[in-house]
Amino acid sequence: MFQNGQVPHDKLHLHLEQEYATVIRDFPVLLGRVYIQCPKPEVRAELAENIYEEETGGLVAGAPHPVLFLDFPRGLGMDLGRFEEIVLLPAAARYRAHIDQGTLHSDWEIGAALTTLFIEGNRFERALFDKKVPARPVLSAEEHPLVKHYGLPQDCLRLTQAHGEVEGEHRQAAWRILLDHIDSSCYHRVLGAMDEALEQWLAYRQEVAQACGLEKQVDPSP
Ligand SMILES: [Fe+2]
Ligand SMILES: [Fe+2]
């Protein structure tokens, strides 16, 4: 949405706040909920490694990923106090409620798909399996949209850099969980939850785009 610099500077905080409060701030906890419910040790081990990195940055990032996310608003000179009292917009709250339902009150398979694929994944996932499909482009620090369009100092990209280093492994782990450990009899329910997440997420992004003064969501990429 801000990839093209179309969100006005003075509205960008809305996007970052809603993103932080829907899934970024609590992401390690969301993974933890799935960990607790999962009966398969191999899957729990994959999740545990992801949780450890997300919650502590102990493997790569050097700090918790939700904390590193706050480098973005800090580097852009935003009031960080706002990030302690975020009120979710209605569609954002519905999206989060669906994630809560999927990670707290559903089968572990649904929680795993929602966290490791829907939230943590990206639209280039297919390239992991098909070399003919375009892979996620690797952007230099200067090309990062927050740097290019909003003047974010490059030393505030620690989260982006950490994801570049570790998330490839998390993508592989996500698909190992999905393909090696989820019984095909669950696929229908998992796909239903993913479809619902996509619908809720698109409505949430549309809502944020409008709150930022854009007529229409300009780019659906996360
Ligand atoms: Fe991760
Ligand atoms: Fe992360």
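Computed from a predicted model, the values in this text were never measured in an experiment. Order of listing sets the numbers, starting from 1, for every ligand and every atom in it.
- At least one N, O or S atom of His170 sits under 2.8 Å from the Fe ion (ligand 1).
- Separating the CD1 atom in Ile24 from the CZ atom in Phe83 is a distance of 10.5 Å, to the nearest 0.5 Å.
- Under the 4.5 Å side-chain criterion, counting only non-hydrogen atoms from C-beta, Phe27 is in contact with Glu120.
- Of all N, O or S atoms in His65, the one lying closest to the Fe ion (ligand 2) is ND1.
- Note on Glu120: counted as a metal contact of the Fe ion (ligand 1), an N/O/S atom lying under 2.8 Å.
- Looking at His163, its N, O or S atom nearest to the Fe ion (ligand 2) turns out to be NE2.
- The minimum distance between the Fe ion (ligand 1) and any N, O or S atom of Glu54 involves atom OE2.
- A donor-acceptor contact shorter than 3.5 Å links the side chain of Ser106 to the backbone of Gln101.
- Taking the six-membered ring where tryptophan is involved, the planes of Tyr20 and Phe69 are essentially parallel, since the angle between them stays under 30° and well short of 60°.
- The nearest N, O or S atom of Asn50 is closer to the Fe ion (ligand 1) than 2.8 Å.
- A donor-acceptor pair under 3.5 Å is formed between the side chain of Gln18 and the backbone N or O of Leu89.
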